[in-house]
Amino acid sequence: MALWGMVIDLDRCTGCQACVMACKAENNVPAVGAKEATRGRIISWMQVLTEESEERTRFLPRPCLQCDDPPCIKVCPVYATYRNPEGIVAQIYARCIGCRFCMAACPYTAKYFNWLRYQREAPGQNPDVSVRPKGVVEKCTFCHHRLQKARERARAERRDLAPGEYVPACAETCPSRAIAFGDLSDHGSEVARLARSPRAFRLGEELGTKPKVIYLSETEAHRRA
Amino acid sequence: MPDPSLQRDAALFAPIAQTGRGFYFTLVVLGIAILWGAVAYWTQFEYGLGVTGLQQPVSWGFYVTNFVFFIGISHAGTLISAILRLSKAEWRRPITRMAEVITVMVLFIGAGQILVDLGRPDRMMNIILYGRYQSPLLWDATSISAYLFASTIYLYLPLIPDIAILRDHLGKHRFLYAVLAMGWTGTPRQQKILNRAIAILAIMVIPIAVSVHTVVSFVFSMTIQPAWHSSIFGPYFVAGAIFSGIAALIVAMAVIRRIHRLQAYLKPIHFRYLGYLLLVMTLLWFYLTFAEYLTGYYGNGPEEMKVFWSKFTGPFWPTFWGMVALNFVIPMALLVRLQHHAVGKTVAASACIVAGMWLERFNIIVPTLSNPRLPFPETMYWPTWVEWGETAGSFGLFILFYVLFVKFFPIISIWEIREGREVGLKEVEERLLTYLPDGTEPEPARRHTKVPT
Amino acid sequence: MRVTRRGFIQAVGATAGAAALVRGRLTRAEVGVQDFERWATPEETAVPSICQQCPGGCGLIARTLDGQLAGLSGNPFHPVNRGALCPKAYGALQLLYDPDRLKGPMVRAGDRGRFRSIGWDEALRLVTERLAELRGKGLAHTVAVLGGQYRGYRDTLWRRFAEAYGTPNYVRARCLAPEHPALAHRLMQGVASPLGYDLAEARCILSFGVGLLEAWLGPVHAALAIAGLGGTRERPRTHLIHIDPHRSNTGVKADRWVPIVPGTDGILALGIANALIREGLYDREFVEQHTFGFDDWTDPRGQRHEGFRDLVLSEYGLLTVSTATGVPVKTILEIARDLATLKPAVVIGERGPAYGPDDLHTRMAIHSLNALVGSLGVRGGVLLQGELPLSPFPPVHLDEAAKRGLGHPRIDGAGRGQYFLVSDAPQALPERILGGKPYPVNALFLFGTNLLASHPAKEAFAQAFEQIPFIVSFSPFLDESSSRADLILPDHAYLERWQDDQVTHLAGFTCFSLARPAAAPLHQTRDAADLVLQLAKSLGGGVARSLPWETFEKVLHAGARGLYDAGRGHVVSTAPEESLRKVLERQGYWAPEFESYDEFWNALGERGAWWDPTGLPVSRKALLRTASGKFEFYSTALRQRVEEAEKREGARAALVGALGGRDRGDQLYLPVVPVPARAEAGAFPLRLNTYRLVTRPIGGGGNQPWLLEQPAVHVHAAWERWAEVHPHTATKLGIKDGDWIWVESPKGRIRLRAKLFAGTLPEVINIPLFGGGGPNQNDLIGNEPDAFRGFGLLNTTRVKVYRA
Amino acid sequence: MNGRPSPFDRAVRACQWAIAGLTLVFITAIVLWIVHLIRTAWRLGDVASASIGISLVAIPLFLTLLGVGLSVFWGLLRGGDRR
């Protein structure tokens with residue numbers, strides 16, 4: 001069974017937010033509008049943060065880290081968020097009751113809430129991804145719909161899923177090739193190789209969430225501020 | 001034919017017998033508050049939670065604070081009356097029912113807060129159909145329903161004899177009283193069954209009450225957020241609950257005492273004893289708070305300190321220092337010497353504590369959510385009229401339930417007062433003897449020891 | 001969330017009925033026949049297109065389902081972006097489906113700004129009549145065309161139309177055209193086309209304010225090239241030094257960010273040159289053999305001329321440079337040493353519109369550093385952008401009226417007097433139109449530019465537009481400029497039309513991109529290029545004969561034939577195929593891939609681009625085409641042009657005045673920038689610096705919510721306009737983060753939100769370039785044109801800031 | 001009062017039995033819900049131990065409360081006529 005993971009090289013990331021916009025276009029993430037944005041309700045599955053410190057600034061693109069032991073799943077009272085066998089933490093929009101317990105439990109604040117009815121059927125949307133109603137939590141799904149389409153194509157051609165055939169929108173569009181994506185359980189894959197690099201570190205390693213988005217940074221000596 | 005013993009306790013029937021103009025005025029005021037709450041919730045139901053002040057990192061705010069606050073107040077009732085009943089403290093007689101009523105009424109409001117806080121209330125059934133017991137929210141649901149059921153029975157059982165009296169002597173609501181009196185005729189056998197049941201319940205209610213607020217604290221301490229994930233939360237919330245419970249009880253007692261002129265039954269000695277209990281709880285609360293923050297400060301973890309400084313010197317300093325003042329400084333000043341104006345002092349201290357404890361819950365929930373681990377931009381959570389409206393509506397509803405209860409049932413247990421008069425005095429005397437070395441005879445009391453009333 | 005009493009009561013009444021309704025609907029989900037069609041799997045196509053949000057020219061793949069656009073992704077074959085995209089590209093989805101797009105042609109009804117819709121035939125008839133009437137009366141030259149496209153066949157088409165019609169006034173008003181830096185390179189190296197920079201191979205990159213990762217001419221291409229900055233085992237780290245008043249994304253990723261006083265880049269370059277020369281770190285071999293004017297020399301007439309070396313050593317001591325530019329001496333020395341030791345090094349001096357008052361000499365000074373470190377004709381150094389072998393169109397057929405019209409001088413005065421060396425001077429347009437010098441403008445065509453918002457002289461342009469009796473705008477939106485027009489013929493959005501792109505600024509390879517229309521036109525809009533061809537046909541005579549094609553597709557088809565016959569390069573394809581071709585071509589084999597041109601044309605339409613990776617003109621012979629065949633510090637070409645101007649206009653030629661006056665003597669031709677006197681604070685103590693955000697497309701992106709919502713990463717701002725203030729300055733002025741502040745300049749004042757940002761010098765206020773409506777930086781920046789090139793100076797404004 | 005019960009008394013008696021019945025239904029519903037939660041957790045391979053652990057405490061608790069309530073109810077109603 002594949003174990004999908006991502007490696008983001010912070011030395012290459014230029015903070016241009018191409019991944020953010022690609023994610024929004026691919027997953028029909030709504031632009032919440034001026035009033036709602038000033039109230040701090042921007043929904044941005046992949047969000048680029050800036051870590052300021054004395055010696056330097058570092059851009060940190062933060063998707064959902066698809067933890068192997070996710071603190072957000074344990075607390076959901078209605079099984080609306082779960083970790084599928086392939087390691088992707090999924091969200092069932094039809095079952096979520098909007099209690100937002102998973103938002104409070106996530107140490108990386110990677111879950112977003114539809115405070116109002118932000119998104120309607122509009123032209124130019126991606127038909128593969130459902131539009132979320134108001135009152136439910138949504139999060140990065142590693143472009144799960146792309147995995148399903150790639151798997152269908154592979155099955156139709158009676159072959160296995162080739163590495164690199166399933167890549168989320170952010171990894172596909174990153175102009176400085178900072179985001180690598182693939183199957184962590186496949187020892188030879190580029191992601192697994194990069195994950196073993198001496199520059200590799202995981203965000204919030206001491207929390208025991210075992211995140212599957214691994215960051216590379218030359219000067220990891222500078223731990224979080 | 002007025003029974004002589006009833007005549008003495010006529011004051012206890014007064015609230016039920018006549019309904020003065022004040023009653024209708026309070027109904028109107030409460031109606032307005034509840035209407036504001038209803039309009040607020042309708043707007044939120046219509047447009048979504050966006051009408052409140054909640055935002056991305058601060059996903060919980062007023063509603064969860066209210067939830068913890070009201071469940072906290074519910075500890076006033078059964079816990080205190082159960083402990084006093086078990087310890088056979090004679091001064092409990094006029095207080096127990098008042099406390100139990102607070103519990104039962106406020107539990108409905110507390111549990112309601114969670115439902116108000118849901119983003120999709122129309123999918124409430126999902127909790128029943130697809131419930132997952134691993135989530136602390138469902139632990140809450142179980143323990144709160146257990147506590148609600150237990151405290152309802154614990155309120156109802158001692159009420160049966162009084163309802164029987166009302167059934168026999170009061171003209172109004174005959175059918176209601178007849179049904180609720182369960183055919184009580186005061187026979188010794190029935191008395192025995194009732195006392196046995198009340199004794200069992202008194203024992204059972206205490207662990208349930210403690211479990212309720214521990215489980216409410218688990219909603220926060222089970223996550224790994226800074227300043228939430230600590231083992232002190234269980235005892236801290238239970239102590240805070242008892243603390244705010246007693247304060248709420250004292251306030252309720254003072255209000256009822258003034259409105260229904262029950263000064264004869266709720267004497268300063270009750271307020272003084274509860275005041276001393278409150279003082280002990282203030283110290284206990286301060287001790288636990290001090291322990292929690294010292295541990296965080298000394299450990300000096302980066303995330304912990306971010307939340308710590310945001311409370312001490314950051315944007316949350318007013319609510320934090322307000323809480324410390326209202327919960328510790330003012331109550332200590334008032335409750336230390338209760339010789340004179342005991343009632344005034346304890347009620348003032350209690351009002352401060354109730355407000356302080358609301359702030360304490362706010363201080364636990366919002367600062368931690370406002371300071372996420374990763375370097376997100378600063379945000380400030382401000383409640384909107386919807387949240388104020390819902391809070392006002394909740395208080396209005398709680399007080400409305402309380403006032404209606406006082407209108408239909410005696411707020412002070414008549415038969416316990418009577419039992420106290422006839423049986424209580426002798427029984428206490430014998431019990432005191434059992435404490436002294438065997439064979440000592442009661443000497444005549446010396447005059448000069450002045451007993452505070 | 002207005003809750004009316006009636007609404008509330010209705011609601012309470014309705015809740016009772018709601019349950020039954022819901023109950024009913026759930027049980028009886030009737031499925032209509034039309035639902036089946038909707039659920040049938042749509043026909044999916046992937047059409048290659050080109051992103052027009054910035055001059056980068058990245059290749060797109062537009063995914064359409066049943067003709068409706070469903071998503072965008074990078075074209076993996078395209079050599080410019082290799083499948084990657086920048087954030088702006090995704091704004092195209094919202095641009096295409098913007099509800100405010102004009103639905104059809106509009107004609108002015110009553111006074112300016114009020115319109116009524118009109119049919120296409122009637123609209124075209126109006127334009128043809130007016131043009132024919134002007135041409136008939138011999139006033140062809142009074143028609144002006146203000147274009148926003150500076151490359152590609154759309155630009156050629158307009159130029160041919162203007163020439164064939166008989167007007168010299170085709171003015172390209174685009175700030176980010178690479179034509180400005182090319183002038184300095186032409187004067188020092190004699191090369192005609194713009195230069196490219198081999199960023200991927202360079203070991204040290206010194207950028208003077210060039211927004212490599214967020215602005216300039218292709219953030220994606222630059223990011224792909226320098227992303228390997230970290231270096232790998234076999235290739236050592238590349239050292240990026242970024243000199244810019246504002247610490248942008250490039251500043252953060254650079255190994256060294258050097259804050260500098262805006263407008264003093266040239267002086268810093270000369271300071272670095274001084275350090276290089278004094279410590280003998282410059283490439284002695286290259287300078288001695290391949291440069292001219294470095295040492296003192298005597299010209300054939302026996303006159304002694306001071307060389308570049310002595311001038312720099314005498315006048316540009318590190319202390320004077322440090323005080324003028326605000327860069328510490330130690331930093332200048334370290335930059336010089338890095339530049340000298342890490343070979344190959346390349347210096348990029350392409351800040352965009354203008355560096356400051358003496359822009360030409362600043363760029364010459366910066367480019368002279370390339371000569372000093374010998375990065376000309378070296379891998380990882382400066383490259384010459386190759387020529388696209390497009391098939392040349394037949395010369396324009398000039399009839400009588402056209403000849404008479406072209407005889408007149410240009411309205412903006414480019415190519416004469418002060419703007420002798422420049423082809424477009426849009427800045428000079430307003431006062432020339434208002435003054436009626438040399439002749440009044442009777443008709444104006446606005447195409448692809450919104451000057452009334454995006455140009456510092458926008459107020460002057462607004463008055464000028466009032467004077468012009470007949471304005472035609474091709475803007476698809478009702479923006480500031482098109483709302484003042486008499487007739488609007490809305491163009492397609494770029495995903496709805498044929499489009500080509502001849503990218504000029506790349507790492508040397510030539511690339512021709514072709515875009516087919518991805519989505520069917522949403523509204524009654526028409527492609528502006530087709531309209532030009534239609535106008536030419538309806539005007540008849542020489543114009544019709546010069547533009548014989550019926551549609552723009554035919555124009556492209558005719559032009560691209562040259563690529564097929566060129567005998568080199570190939571249509572982009574999958575990576576393995578590319579590498580195989582590269583191996584073959586390195587050994588001189590080139591096999592044509594297609595038998596017929598139509599096959600080539602279809603493949604080009606399928607894959608999106610043609611390119612020629614080999615034959616990089618890197619050799620010194622190709623790079624140094626001056627009269628002396630050397631890199632000329634002392635630009636003989638410039639002196640020759642100046643003498644030409646003086647012969648024509650006498651001693652006091654306007655060109656000399658623009659260059660700095662006769663008294664500068666030889667320094668007129670040397671890459672030397674006069675050190676400005678340290679102006680005292682005065683009423684406006686702070687300096688304004690504008691910079692471009694990576695999420696701001698050309699035209700401001702006012703209608704692309706995704707880009708407006710998360711514009712920047714270094715400050716937290718959403719949908720709002722802000723000014724960045726240094727924390728020290730902010731505390732001095734009592735400003736906290738997030739306050740509303742007034743930013744006032746001699747020209748005007750605007751109210752922005754203050755953001756505290758330490759990535760700048762204390763005395764500099766940074767404002768990102770906002771487009772579209774609302775307060776934008778052009779309300780502050782005065783109409784102060786560069787005397788020599790006519791383009792507006794964007795970073796010489798002084799401002800003051802106070803709480804709103 | 002041990003003659004034939006008047007319609008008023010019969011109605012009161014019916015209401016009292018109804019209340020007792022309601023309490024019984026309420027508690028059995030809760031117990032069934034808890035059992036359902038355990039079964040769901042077991043079926044989904046979720047951490048069933050947590051649910052079983054909690055229910056070991058919760059179910060007996062509810063049953064004892066029910067017992068106390070019904071015993072009082074039974075005692076009062078039955079004891080009434082055998083004074």
Side-chain angles (χ1 to χ4, degrees), chain A residues 32 35-36 39-44 47 49-53 58 60 62 71-80 82 92-118 133-137 203-204 206-209 223-225, chain B residues 45 47-60 64 114-115 117-138 140-141 219-220 222-226 228-229 301-303 306 365 368-369 372-382 384:
Chain A
V32 293
K35 206 154 66 69
E36 284 300 295
R39 284 198 187 146
R41 292 177 179 154
I42 293 174
I43 298 179
S44 172
Q47 191 160 2
L49 305 170
T50 311
E51 277 183 318
E52 297 279 351
S53 76
R58 185 166 72 172
L60 180 75
R62 191 250 42 227
C72 62
I73 286 183
K74 291 186 278 192
V75 296
C76 173
V78 285
Y79 285 115
Y82 65 99
I92 307 173
Y93 305 125
R95 183 180 294 172
C96 170
I97 59 172
C99 69
R100 309 187 299 289
F101 200 159
C102 56
M103 285 172 74
C106 173
Y108 311 104
T109 328
K111 296 213 162 193
Y112 295 85
F113 190 66
N114 283 277
W115 299 99
L116 297 172
R117 183 155 189 259
Y118 291 132
K134 80 174 167 160
V136 290
V137 173
L203 213 54
E206 72 287 356
L207 300 175
T209 54
R223 299 293 296 176
R224 282 173 305 290
Chain B
F45 185 82
Y47 293 98
L49 273 159
V51 293
T52 68
L54 299 170
Q55 49 186 328
Q56 167 51 13
V58 187
S59 51
W60 282 345
V64 178
I114 283 285
L115 305 181
D117 184 48
L118 289 186
R120 293 299 297 258
D122 49 336
R123 293 179 181 166
M124 251 184 292
M125 285 308 291
N126 283 358
I127 296 185
I128 311 298
L129 300 174
Y130 314 107
R132 162 199 231 138
Y133 233 170
Q134 210 188 16
S135 159
L137 266 188
L138 285 198
D140 277 359
V219 168
F220 306 104
M222 287 302 137
T223 66
I224 43 175
Q225 299 295 23
W228 275 7
H229 185 52
E303 294 88 15
K306 216 161 101 170
I365 295 167
T368 291
L369 289 176
R373 278 173 205 281
L374 296 182
F376 284 92
E378 292 300 317
T379 54
M380 194 54 209
Y381 160 68
W382 282 110
T384 60

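Below, chain A is the first sequence line, B the second, and so on; all start at residue 1.
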Considering all heavy atoms of both residues, which atom of P375(B) and which atom of E51(A) are nearest to each other, and what is their separation? CG-CG, 3.6 Å

Kindly give the heavy-atom pair with the smallest separation between L116(A) and V51(B), and that separation in Å. CD2-N, 4.1 Å

What part of T223(B) gets within 4.5 angstrom of chain A, counting heavy atoms only: side chain, backbone, both, or neither? side chain

Option in G135(A), G98(A), A105(A), P77(A) with maximal non-hydrogen atom pairs under 4.5 Å from chain B: P77(A)

Who pairs with R62(A) by side chain to side chain donor-acceptor pair (under 3.5 Å), at least two apart in sequence or on another chain? Y112(A)

Rounded to the nearest 0.5 Å, what's the gap from CG on L54(B) to CE on M103(A)? Could you check? 9.0 Å

Any side-chain to backbone donor/acceptor pair from R132(B) onto I73(A)? Under 3.5 Å, distance only. yes

Criterion side-chain contact (heavy atoms from CB on, under 4.5 Å) on K74(A) and Q134(B), from CA distance to verdict: CA-CA 6 Å; K74(A) 291 186 278 192; Q134(B) 210 188 16; 4.3 Å; yes

For Q56(B), does its backbone N or O pair with a side-chain atom of R39(A) as donor and acceptor, under 3.5 Å? no

Return the CG to CG distance between L49(A) and L374(B), rounded to the nearest 0.5 Å. 6.0 Å

CD/E303(B) to CG/L207(A) distance, rounded to the nearest 0.5 angstrom? 7.0 Å

Can you name the closest pair of heavy atoms from P57(B) and T109(A) and give their distance? CA-CG2, 4.3 Å

Suppose the criterion is salt bridge (Lys or Arg N to Asp or Glu O under 4.0 Å): which pairs have a residue in residues 101-114 of chain A, not counting sequence neighbours? none

Sub-3.5 Å donor-acceptor pair from the side chain of R373(B) to the main-chain atoms of G204(A), do we have one? no

Does any N or O in the side chain of W115(A) come within less than 3.5 Å of the main-chain N or O of G53(B), such that one atom is a donor and the other an acceptor? no

Any chance you could measure R120(B), atom CZ, to Y93(A), atom OH, to the nearest 0.5 Å? 13.5 Å

Where does V219(B) contact chain A at under 4.5 Å (heavy atoms): side chain, backbone, both or neither? both

Walk me through whether Y79(A) and N126(B) qualify under side-chain contact (heavy atoms from CB on, under 4.5 Å). CA-CA 9 Å; Y79(A) 285 115; N126(B) 283 358; over 6 Å; no

Quick check against the 3.5 Å criterion: does R123(B) have a side-chain atom that pairs as donor or acceptor with the backbone of C96(A)? yes

For residues I224(B) and P71(A), report the shortest heavy-atom separation together with the two atoms involved. CD1-CG, 4.0 Å

Given that the side chain runs from C-beta out, which part of C106(A) has a heavy atom under 4.5 Å from chain B: side chain, backbone, both or neither? backbone

Can you say whether I43(A) sits under 4.5 Å from chain B via the side chain, the backbone, both, or neither, judging by heavy atoms? neither

So what's closer than 4.5 Å to chain B heavy atoms on T50(A): side chain, backbone, both or neither? backbone

Residue part contacting chain B, namely of P107(A), when any heavy atom lies under 4.5 Å: both

Count the heavy atoms belonging to other residues, nucleotides or ligands that lie under 6.0 Å from OH of Y130(B), then report whether that count exceeds 12. no

Derivation of the side-chain contact (heavy atoms from CB on, under 4.5 Å) call for F113(A) and S59(B): CA-CA 8 Å; F113(A) 190 66; S59(B) 51; over 6 Å; no

